[in-house]
Every structure is written in C-alpha cells, then in structure tokens.
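Just so you know, these numbers come straight off a predicted model, no measurement behind them. Below, chains carry the letters A, B, ... as their sequence lines are ordered, and counting in each starts from 1. When reading the values below, keep in mind they use all heavy atoms of this one structure, side chains included, and skip hydrogens, waters and symmetry mates.
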Amino acid sequence: MNFEALLAARLQPALAATAGTPVDPAVRRSPHADYQSGAALPLARTSAKAPNGKGGKGPRDIAADVIAKADFVGLATAEVSGPGFINLTVQDDVIAAAVRELAGDERLGVAPVAKPQRVLVDYSAPNAAKELTVGHLRSTVIGDAAVRVLEWLGHDVMRANHLGDWGTSFGMIIEYAIRFGQEHDVYRAARIAFDTDDEFRESARRRVVLLQAGDPETRAVWRRLLDRTKTDFLAAYERLGVTLTAADFAGESAYQDQLDSVVAELDDKGLLVASDGALCVFPAGFRGRDGGPLPLIVRKSDGGYGYATTDLAALRHRTTELRADRLLYVVGAPQSTHFAMVFAVAQDAGWLPGTVRAEHVAFGSILGEDGRMFRSRSGDSVKLAEVLDEAVARAAVRNGDPAIAAAVGVGAIKYADLSGDRRGNYVFDWDRMLAQIGNTGPYLQYAYARIQSILHRAGDFAPGVVIGEPAERALALELCAFEPVITGVAESLDLHRLAGYLYSLAASFSTFYEHCPVLKAAAGVRESRLTLCLATGRTLGKGLDLLGIQTPQRLGSGS
RNA sequence: GCGCUCGUAGCUCAGCGGAUAGAGCAACGGACUUCUAAUCCGUCGGUCGCAGGUUCGAAUCCUGCCGGGCGCGCCA
C-alpha cells in the first residue's frame, strides 16, 4: 500500500488543470493530518505573476481550487489548512480495507520489482590473516541487510566476499607458520615479528613473492591457513545470522591471473602513465597533497600489484562476465577517495558503462564511550566473538532460554548498527543497545513477542478491520507505510529508515496495546484488533528479518 | 594546503525544501484485580556551530568562516 502515491495520483490532474502544467503533488506524511500536499504554495507565485491576472490568487485560494477539481471519492477528504497546505485525511474504511489486505498478504503489499536488476553486493571482506573484529561488523551487517532487502524485492542479488587473502599480511603469517609450526591465530605474533625483526620482515616479503609465484610449500600452507579462517568466518556468519556462504568467497587471489590483462587494457586505452617507476592512471579531478594530480597505482615500482589493480579486475569481471547492473561496495568511509578513483578509471577504461551503477555504500566508525575508536582496554581491536559473547550474556539476564538470549543479544548489536545513519560514526554502548525501551532491538523484539502471545491465545478468527479508537487508526495508518519505506531503502540503502519505521510501528503498537484490549474486546472489535495484531506482527517480523534480526516467539524467562 | 564527512535538547540520535524541529536516555510526576509494567501517559528541556545568500518558505540547498573526524603515490 502506498497512500502517498494514491493521493498524488488523485491530486495530479487537478494540479495540472489549475497550473496549466504538470506539478509535483508533494504529498508527505503530516503531523496535522494523515498526509499533506504543499503543492499549492509555489503555485501562488506563478499565478500572481500571470500577465493580466490582477493580483492573482493567494495560496489558500489555489489550494481550494485544486481541492474542488480533484476527485478524492472513495479515498480521502481534503481541506485547506494553514498558509495553503492541502490536508488529506484518508477514509477510515479505506485504511481498514488496506490493513485487512495486508494481514493476509505474504508480501505485505510490497510487489516485486517490475524490472529485476542483477545487483552485486561486495561486503564483509575481512582480512583472512586475522580474526574477525568489531571492525568487520558494520560492513557485514549493513551489507547483509542490503542484500536481504534487494533480494526480497525480487532483484537478482550476488554476494561477493572480497576476502583479503593475498597481501603482505599473508606473507607474514605463512612465514611464521612455517618457522614455528603453528598455524592457528598467529597474526599478532607474526605482526610483532614483522615489526621488530628485520630478518623476519625480509623473509615475509620473500614469502609473498613465493606465494604469488606458486611455490608448492608456500601454497600448501596458504591453503591450509585459508581453509581454517574460512571455516571460522562461516561460523561467525552463522552466529551473526548473516547469509554469506562458502560460495560467496571471492578473495583477492581470485583475480591474480587477470591483473596483467587489466594493466594491458589500460595501456591499450592510453590511460597508463609511468611515474617514479610505477604504472599509474591519473583520473581527472583528483588532486593530491601538493596540488598535483593524484595517481591510482596499478603496478608498483617493484613490479607487484596492489589493491587498486585487484579492485579494477574485480570490477571489470563483475560488469563484463557477471553482467551486473548495479555494484555496491559496502566499505568504510575512509576509502571513499579510493573508490571514486577506481570508478573513474573504470569509466575511462569502458568497464563501467552508463547503464551500470557503481556505488560506495560508505559507513562511519564504531566508537568507544570515550568517543575514540572502539578498542579493548589493552588497545587492541576487539574480537567479534567477545562482543557477541558479552551481548548474549547480558541478554541472558532476562532470557533463560539460550537461543532467545542469543537472538536478543546478537539482534541488539545488529540493530544498534543499523538504526543510525550509516555515514555517521556511532558510539558503542551496551546499556543503550540492550535497553528494552527506545529505538533498540530488544524493544522491537518485545513488541513482536507480545503480538505472538496474543495471537497464540486467540486461536482462529475471521480477519476484518473496523477503525474505532485513535490508537487503532494510528497503528493502521502506520502499517500502510511499509511499502514506500522499503522501496526507498532499496534505492538509498539507508537501512536506518527501515529501522526508524519499525520503531515507529512498534511504538504505535505499544500505545494501541495499552489502550485497546484485544482478547477481551466485544465480538467484531476483537477480530478487528486481532487483525491489526496480525498485520503488525507480520510487518515487524518481515522488517526485522530484512535487517537480519531474529524474532523469537517469546521473550523473558518463560510463562 | 586540497578533498570528503559530521556539527540538532545535558547525553545518544531522527528529521528525504514546507506549518508550532521530534524520539529515547537522564530529571520530575502518574498508571499494574488487565492480552509479557521488558510497557504506557504526562511535565521539564532547543539562538538546529556562526554569518551571509537563494526561496512564498531553509535544520534541510549555495557560499564563506569556526570546530571535530577521515583521506591525500607504491598498505588494504
């Protein structure tokens, strides 16, 4: 259901007739009515300037004209308000019918897209030499929610987990593993050796060369280390409720045999410039510290390849071989310049035609309560597993069932990540994210659980909606707003708008719950309220599912 | 220095050119013979960083400052 679109469609002919030209109906939700249109306001100026129209009409007169010409029959009522707004009030019976339909519709009034796109979502992408840390949380959680939303809308979504499995850090851990016969959890130790021991550092560098040259022993160790971390990652994804699978791993190593060809193709197109021994592309519009052109280095002076080349190879593969229509890179904001340059070079090289959208879905950092980068007391980055453990332990205080505690704890962390504008930084705060009131995971899960409890007790009933109490009306109207939110999020990838909507829906439900007894209501009213519960439960359930958050049937210690 | 980004209530944040800028937390005051009170209702709290500009209308768009974060040639 999309009342905004329906109302706009009714308004459009009247506005066009009044203005003599098509006008944006500008229909929005409003605190003064269900919806409002501000379209008459700018029209007043045009009218006043009309050649012979002495004085012209004021915005209120114009709004009245539009209302007189518009046909709202069977949908809404309209009235002029304030300086010239058109307040629109949807008829109760229309809202009721819409909710009735929603309650019985698996898709909750959201139709699959008419033209599915092939969307490739590049997310999570941890360095396979290390453990997962909170640093990987945002890309993983945001990317997976984006995948879920796009997929549910009917798009052909391809997940890509661009694992760091080839760089210097792998040289370090392979060298360390071979020397000390230890193959698990060696990154920290290897890093220390690399930073403090010149001889080790040299060996690690040689090890990268051996790896890239295909040395059998090196490759064997590499393969074992990689398999081990992949297994660990998959376990973490499972625990997080992230849909990435083994089939989605597409690490840097996968593009190694394409790097020469990337450089060759850039050369063919005359984009390559030798500079200080390196091969570079200088896309237009990028300036460096000294004001000079900023290079994207595609081959280092030592002949090796860096991440820029790998990113270009991956992009080319995704548009030419995988035929993606839209590329999403869910990567931290600090890399925005890098991606802008990669996209610019890819365009120049013809790998990114105008028909394909490439977007850097950037996000900010997770901060500690001191406002600085979130780290453990020892200054290390915090392991993801430890964060999840603590969240679950905290949730377990109120939830005896381990499965429910896990759903609440993990859900709280994910929701905290998704409920704010992804571009901004956010402060990691246990108490806030696990609070049972406010815009939190637990609050939404609680609302969902209460609904399930009612529905369970109610048993079968004949759906139908009659709007009575203000709380019923407010809830019903909120339910009808799901569709525009979802379609908007698929476009903007602002998951926090979905989160905000769900919070607002849950809050409307809580008010309804307080003011409108369901099970004890009179016949007729009872069925209507149960239908509202059903529609709300389904919407909350689907919305949270799209965010990747579980919805237990029951919360608490039981009974 | 250049670029990107952020600056909204004491705190954490919404606010996608429209009316009197909204939530939660905190503070204070109410509501449990009632479907989970893990909730709800109310009160208090704001020169939307500053100054200009565009507009009938600006927290929102533009410009310039101030302040924080990040980035700026062989790490990813």
Side-chain angles (χ1 to χ4, degrees), chain A residues 26 28 30-32 36-38 41-45 48 58-59 81-85 87 125 127 162 164 166-169 252 275-280 282 285-302 304-308 310-311 331-338 340 362 364-365 367 371-373 398-399 408 419-421 423-427 429 431-432 435-440 442-443 445-447 449-451 453-458 488 492 494 496-497 499-500 503-504 507 510-511 513-521 529 533 554-556 559:
Chain A
R28 304 283 138 79
S30 166
H32 303 278
Q36 68 177 31
S37 165
L41 277 70
L43 250 42
R45 199 167 55 103
S81 173
F85 287 98
N87 278 0
N127 182 338
H162 196 74
W166 202 246
T168 314
S169 52
E252 296 171 331
S275 173
D276 293 340
L279 294 178
C280 306
F282 291 91
F286 295 89
R287 312 238 141 245
R289 193 189 298 275
D290 57 359
L294 194 60
L296 191 69
I297 297 173
V298 295
R299 191 159 74 196
K300 299 188 283 186
S301 51
D302 66 2
Y305 295 113
Y307 64 110
T310 311
D311 279 341
V331 181
Q335 292 195 52
S336 60
T337 305
H338 168 70
S365 308
L367 272 28
R372 308 178 60 176
M373 208 67 97
R398 286 181 172 276
N399 296 283
V408 173
S419 57
D421 188 328
R423 282 159 281 263
N425 299 333
Y426 84 89
V427 179
D429 181 333
D431 293 331
R432 194 176 308 121
Q436 36 264 340
I437 180 107
N439 192 6
T440 69
Y443 178 78
Q445 288 173 322
Y446 177 59
R450 284 165 127 187
I451 292 168
S453 173
I454 292 175
L455 292 173
H456 181 71
R457 286 166 193 264
S492 68
D494 286 343
H496 75 287
R497 297 203 181 234
Y503 173 58
S504 160
S510 292
T511 299
Y513 182 91
E514 292 293 327
H515 293 89
C516 305
V518 177
L519 298 176
K520 290 179 180 170
R529 289 180 179 170
C533 288
R554 202 156 47 78
L555 257 49
S559 169

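- Base contact: A/Ala449 has a heavy atom under 4.0 Å from a base atom.
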Quick tally for nucleotides 20-35 of chain B: nucleotides whose base has a protein heavy atom under 4.0 Å get B, sugar-phosphate-only ones S, the rest -, giving ---SSS--------SB
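- When base pairs are accepted only as Watson-Crick or G-U wobble with both N-N or N-O distances under 3.5 Å, RNA chain B takes part in stems of 3 or more pairs at B:1-5 with B:68-72, B:10-13 with B:22-25, B:27-31 with B:39-43, B:49-53 with B:61-65.
- Contacts of A/Arg299 classified as salt bridge (charged side-chain N to carboxylate O under 4.0 Å, His left out), with partners at least two apart in sequence or in another chain: none.
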Measure all distances between protein nitrogen or oxygen atoms and nitrogen or oxygen atoms of nucleotides 71-76 of chain B, and list the pairs falling under 3.5 Å.
residue : atom : partner  : partner atom : Å
B/rC72  : N4   : A/Arg289 : NH1          : 3.4
B/rG73  : N1   : A/Ser275 : OG           : 2.9
B/rG73  : N2   : A/Ser275 : OG           : 2.3
B/rC74  : O2   : A/Ser301 : N            : 2.8
B/rC74  : O2   : A/Ser301 : OG           : 3.4
B/rC74  : N3   : A/Ser301 : OG           : 3.2
B/rC74  : N4   : A/Asp276 : O            : 2.8
B/rC75  : OP2  : A/Lys300 : NZ           : 3.4
B/rA76  : OP2  : A/Tyr307 : N            : 3.2
B/rA76  : O3'  : A/Glu252 : OE2          : 2.2
B/rA76  : N7   : A/Tyr307 : OH           : 3.1
B/rA76  : N6   : A/Tyr307 : OH           : 2.4

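- At B/rG69, none of the side-chain N or O atoms of A/Tyr426 fall inside 4.0 Å of OP1 or OP2 (strictly under the cut-off).
- Map A/Val427 and A/Ala26 each onto its nearest nucleotide of RNA chain B; the residue landing nearer the 5' end is A/Val427.
- Comparing B/rA38, B/rU39, B/rA19 against the side chain of A/Pro83 picks out B/rA19 as the nearest.
- As rounded to the nearest Å, B/rC44 and B/rG49 have P atoms that lie 24 Å from one another.
- Stacking here means ring centres nearer than 5.5 Å and ring planes tilted less than 30 degrees, and by that measure A/Phe85 stacks onto B/rA19.
- A/Gln36 pairs by the side chain to side chain donor-acceptor pair (under 3.5 Å) definition with A/Ser30, not counting sequence neighbours.
- Residues A/Tyr305 and A/Val298 come closest through the heavy atom pair CD2-O, 3.2 Å.
- For A/Arg423, the salt bridge (charged side-chain N to carboxylate O under 4.0 Å, His left out) partners are A/Asp421, A/Asp494, not counting sequence neighbours.
- Both A/Ser510 and A/Ser365 sit near RNA chain B, but only A/Ser510 has its closest nucleotide nearer the 5' end.
- Counting to the nearest Å, the P atom of B/rA37 and the OH atom of A/Tyr443 are 12 Å from each other.
- Of all non-hydrogen atoms in A/Ala499 and A/Asn439, the two that sit nearest each other are O-OD1, 4.2 Å.
- In this model, the phosphate group of B/rG18 is not approached by any side-chain N or O of A/Ser30 to a distance below 4.0 Å at OP1 or OP2.
- The two residues A/Ser169 and A/Asn127 have their closest heavy-atom pair at OG-ND2, 3.1 Å.
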